[in-house]
Amino acid sequence: MMTLRERALVSMQSVPSLPKHVRIQYDPVRHAFAVLSPEKVFWPNEISLDILRRCDGRSTVGHIIADLASDYDTDQEAVAADVIAFLREWSDKLLVKL
Amino acid sequence: MSEPFLPPIGMLAELTHRCPLQCPYCSNPLELLKANRELDTQTWLDLFSQAADLGVLQVHLSGGEPTLRRDLEQLIAGLSARGVYTNLITAGVGIAEGRIEAFAEAGLDHLQLSFQGARPATTDRIGNHGGSHEKKLETARRARAAGLPLTINAPIHRHNIEEVPEFIDLALSLGAERLEIANVQYAGWALANRDMLMPERAAVERQADIVAAAQERLAGVMNIDFVTPDYFAIYPKPCMGGWARDAFMVAPDGTVLPCHAAQTIPSLRFERFGERTLAEIWTDSPAFNAFRGTGWMQEPCRSCERREVDWGGCRCQAMAIAGDAAATDPACIKSPIHNHMAILIDAALAQAAPEGAESFIFRRIGATTRPDKSA
Ligand code: SF4
Ligand code: SF4
């Protein structure tokens, strides 16, 4: 009997990564980045892509938020809610591992 | 027609019609092709390479049973070298030792394994193959051990609809990321067996509640995709995401088709890879252009606000039930013959044989030639 997966909750300490069945890939035909998953192909917008690219299995959510805030030249609270909501949604669909 | 031309995203490759199972709902055509009609390795590799050039990002390797192709590792490696996402759709019976590991090594991204039942007796009876359930469990374990992500596919009909909760437990216990509860679509062999496969109305309603509750309960644990049964629907599904819009399929002999059942539309002629390139077929084939976009639609679809949501539904279902491939899918409540669906359900239920006494036309070469269904 294997241990069942549990629903993961996003915290500042979570270290998100892409699971094995998901990958980001540049599509030269459509000139855009695609997220490939078992049934679906997603076309993330620029902000989603910036979050997904940082889901590298090393950076914590806190670090990702700080990093994005400095890139977008805005304060952390402004991005935190969006990043957390995005990760919760993608984690609930098993597209991001926490 | 002035619809913008989109490159295809997905392709379903039916590598072979051979299969150790004989599911009475199989989506393959009634006239199954023998092994000597299958494309050879190099032709499939050329086709895959053209597909990647054209914009295909995902290839579903299917059949029949695709693992009966001895060159499957090579085909996976060819796709993987082009960065195409590969999904192997298998019944998981009779896969030789070491091959699943070899598929993973060749770059397979994902494996989808079908279960005819959640109970061993159901699986073995529906697939008409003793001991198949045990073999499937073993395939699932081997896939996990090889590190492959896993979807469990459960084709649902009258004889296993009560097993939906058990399918959910089965998929969880196998560690699947995803479960597909897919109500059988009445095309191919399923159309020939429709009267025996049609579920009871109350069972369909119970199923919807069970699946919705499980989807909520299992958020973040396992994805459950629910393919609802057309005959009980109010609106049709966007079949294939729209005819020739972002996906297509290829039969074992290289015939390029907009969908599984397209060959049941007698007015269309389909081209084979090799006669023309894939790009030519995708853009120019009269059969692909016949129902592309919305220009071909009649009323009520033509002026309907959902026309780019469901693309008028399934052309083959319109053909089978309305007798006109350009009609509104009768699954749609706006179809003038939508009530036929209820009549067909009632007719099927009136004929239902007691459990165990049903006489399926099992899927095998020569079992039947034409669907005996003029609905
Ligand atoms: S549906 Fe059944 S018979 Fe048809 S290909 Fe799949 S496993 Fe084989
Ligand atoms: S009328 Fe046609 S476009 Fe409108 S919902 Fe029905 S099938 Fe879809």
Side-chain angles (χ1 to χ4, degrees), chain A residues 1-45 48-49 51-53 55 57 60-61 83-98, chain B residues 6-10 51-60 80 82-89 104 107-112 140-141 144-151 153 169 171-180 182 215-225 227 241 246-247 279:
Chain A
M1 189 66 204
M2 62 186 305
T3 46
L4 293 183
R5 253 189 310 272
E6 279 180 42
R7 181 184 198 172
L9 299 173
V10 190
S11 79
M12 285 300 174
Q13 283 73 47
S14 320
V15 181
S17 61
L18 297 187
K20 223 183 149 210
H21 58 277
V22 175
R23 71 170 187 254
I24 307 180
Q25 190 167 299
Y26 185 73
D27 171 17
V29 173
R30 297 168 188 82
H31 309 290
F33 281 91
V35 176
L36 307 181
S37 78
E39 272 304 297
K40 288 194 196 91
V41 176
F42 301 88
W43 302 98
N45 62 22
S48 307
L49 201 56
I51 301 173
L52 287 170
R53 282 217 190 89
C55 295
T60 62
V61 171
V83 170
I84 288 170
F86 177 90
L87 290 175
R88 181 181 309 130
E89 190 191 328
W90 279 59
S91 157
D92 276 352
K93 291 191 199 146
L94 300 177
L95 295 165
V96 164
K97 217 161 54 181
L98 293 172
Chain B
L6 299 170
I9 291 178
D53 289 341
L54 201 54
V56 167
L57 299 172
Q58 269 185 325
V59 169
H60 305 277
S80 173
R82 293 294 313 263
V84 176
Y85 192 102
T86 48
N87 175 25
L88 175 62
I89 301 180
L108 183 66
D109 288 298
H110 178 265
L111 187 142
Q112 174 173 321
R141 286 184 208 113
R144 298 310 302 193
L148 287 170
L150 181 67
T151 288
N153 166 263
D169 291 343
L172 280 172
S173 76
L174 295 173
E177 277 82 10
R178 194 168 154 267
L179 168 64
E180 231 176 53
Q215 281 170 327
E216 204 180 309
R217 177 168 53 91
L218 297 173
V221 176
M222 181 170 74
N223 290 329
I224 304 180
D225 281 345
V227 181
D246 56 24

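Throughout, protein chains are lettered first and strands after them, A, B, ... in sequence-line order, and every chain is numbered starting at 1.
- Note that CZ of Arg5(A) and CG of Leu218(B) are 10.0 Å apart. Values are rounded to the nearest 0.5 Å.
- Among residues at least two apart or in separate chains, there is no side-chain hydrogen bond (donor to acceptor under 3.5 Å, both in side chains) pair with a member in residues 33-44 of chain A.
- Considering all non-hydrogen atoms of both residues, Leu94(A) and Glu177(B) come closest at CD1-O, 3.1 Å.
- Take Asp246(B) and apply the salt bridge (charged side-chain N to carboxylate O under 4.0 Å, His left out) test, not counting sequence neighbours, and it matches no residue.
- Qualifying salt bridge (charged side-chain N to carboxylate O under 4.0 Å, His left out) partners for Asp53(B), counting only residues two or more places apart in sequence or in other chains: Arg82(B).
- Within residues 28-36 of chain A, the residues that have a heavy atom under 4.5 Å from a heavy atom of chain B are Val29(A), Arg30(A), Ala34(A), Leu36(A), listed by number.
- With values rounded to the nearest 0.5 angstrom, Asp92(A) atom CG is found 9.0 Å from Asn223(B) atom CG.
- The shortest heavy-atom contact between Ala146(B) and Lys20(A) is O-NZ, 4.5 Å.
- When side chains are defined from C-beta on, Arg23(A) counts as touching Asp109(B), because their heavy atoms get closer than 4.5 Å.
- When atom types are taken as modelled, the side chain of Gln25(A) and the backbone of Gly83(B) share a donor-acceptor pair closer than 3.5 angstrom.
- Among the candidates Ala52(B), Gly10(B), Gly147(B), Pro7(B), the residue making the largest number of heavy-atom pairs closer than 4.5 Å to chain A is Pro7(B).
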